[in-house]
Amino acid sequence: MLKISTPSRIESAENIAARSFGSVALTRANWIEIDLAALEHNVAVVRSMLEPGVRIHACVKSSAYGCGVVEVSQRFAAAGVDALCCGTFDEAVHIRAALPKMDLIMFGATLPDGIPAYLEHGLIPSVHNIELARAVSRFATSPTRVHIKVDGGWGRLGIPLPHAKDAILGIARLANIEIEAVYTHLPFTDLPGRDWAQQQTTAFCKLIDDLRASGLKVPITQARASNGVVFGITDECNAVSLGSILYGKSSAPRDLADFSNLRPACRSIRTKLIHVHPAFPGKTVGRTTGLHGRPTSPFVGITGVIPFGRRDGYAGARSGETAYVLIHGVRAPILAVNSELSVVDLSGVPDAGLGDDVIILGKDRDEEITLEDLSHWQGAGQTDVLVRMSGRLTRVFHQ
Ligand SMILES: *Cc1c(COP(=O)(O)O)cnc(C)c1O
């Protein structure tokens, strides 16, 4: 069953057209296919990797890693995750409307004066410094749950680990503060990173022991994200906060981690040829504004144009690499990426015609372009690649 949805914030004319005709917009035929059943499958796989009773906090930041925040949140909730971690207030408000009872944890973003908005919508603030804790205490009118973030050495948000014990005990004494969780985030992608993360996780668990020895109750503790689970980081925490693996992808190199039992949530990103440009002697492509701004060589072959450019989050390939799309199951090289359009070399598919499907990501007959391919061509992380491209796409959900 197919269900079409549109990006929640800015509803373009194309998306309105797509909705009213019940199909992908013909005025800008770019779309992403999301496999909601894959999310449920991945939650089950991850659950089987965890100790019984460990809570799963599913991350839906960045529009649910590009997959559509409300639909994905609903499916995670149906799959029984224990809480959702939100990136922005706007997204959280949309999720709240769809899931009135779900625990929604706000990852760090707000200034202290944003706290009343969180409280009004029943969102759980992540507190990464004392000022936020004081704001919750000041604005709350009854005991209010907070999740305290500790910086375990990544140097971003959080109370630095060496100062955390005293700071957290101080926060616990503030009026109307109920510390529900203490957590940290230790991202890594390789084996040296794993060693670092294990060491810092152990130090974090020592902090929890110290807090409990000082009489503080900490109901929820969490240190592992996707790679922590995949690489077997051990801790005594009773929660994990997961993004990538729930969406069926990895930031770890394939030779270090096996993801074959997970299913990608993003099944494909597709567009259509809006123009076929014939071969003729003296033809050039992007003569002054080729890929990366360099003049390109004369190109006499057949080329095609897709309505998918930099403004759609497409990046082609970094210098020295070639990016491809699939047309009729054939790999066709990208010759130029401009702000709204890209030019494709059709020499390998001379029978390609106006309106034919073009696969940016996904399978076509025996060929496939994976997120790993796009990530390699662009020299960017898989989540970044996907999130950048998802902003202007019509979303098509497979239940
Ligand atoms: C995004 C995020 C996660 C999840 O990370 P993955 O590597 O995608 O599993 C966990 N914790 C925090 C604080 C995050 O921002």
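Not measured: the values here are computed from a predicted model. Ligands are counted one by one from 1 in listed order, and the atoms in each one are counted from 1 as well.
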task = Show which atoms of ligand 1 fall inside a sub-4.0 Å distance from at least one heavy-atom site of Leu242.
result = 9 (O)
key: Between Arg55 and His57, a side-chain donor and acceptor under 3.5 Å   = yes
inquiry  = Applying a heavy-atom cut-off of 4.0 Å, say which part of Ser244 lies close to ligand 1: side chain, backbone, both or neither.
reply    = both
key: Within-shell test, Tyr65 vs ligand 1, heavy atom, strictly < 4.0 Å   = yes
query = Is the number of heavy atoms from other residues, nucleotides or ligands within 6.0 Å of CZ (Arg311) greater than 12?
reply = no
request  = Report the nearest protein non-hydrogen atom to atom 9 (O) of ligand 1: residue, atom name, distance rounded to 0.1 Å.
outcome  = Ser226 OG, 2.5 Å
inquiry  = Rounded to the nearest 0.5 Å, what separates atom NE2 in His147 from atom CG in Asp103?
reply    = 7.0 Å
task = Evaluate the criterion side chain to side chain contact (heavy atoms under 4.5 Å, CB included) for residue pair Phe204 and Asp235; output intermediate values, then yes/no.
result = CA-CA 9 Å; Phe204 175 77; Asp235 64 19; over 6 Å; no
request  = Between Gln222, Lys61, His57, flag the one that comes closest to atom 2 (C) of ligand 1 by a heavy atom.
outcome  = Lys61
ask   = With side chains defined as the heavy atoms from C-beta onward, is the minimum distance between Ile179 and Ile168 less than 4.5 Å?
value = yes
query = In terms of residue, atom name and distance, what is the protein heavy atom nearest to atom 3 (C) of ligand 1?
reply = Cys59 SG, 3.6 Å
Separation of Glu367 CD from His328 NE2 (nearest 0.5 Å) = 14.5 Å
ask   = Can you list the ligand 1 atoms lying under 4.0 Å from a non-hydrogen atom of Lys149?
value = 13 (C)
key: Heavy-atom nearest neighbour of atom 12 (C) of ligand 1 within options His185, Lys249, His147   = His185
task = Determine whether any heavy atom of Asn227 lies closer than 4.0 Å to an atom of ligand 1.
result = no
remark   = atom 10 (C) of ligand 1 has as its nearest protein heavy atom Ser241 OG, 3.4 Å
message = Testing Asp373, Asp364, Asp345 one by one against Arg331 for a salt bridge (charged side-chain N to carboxylate O under 4.0 Å, His left out), which residue passes?
response = Asp373
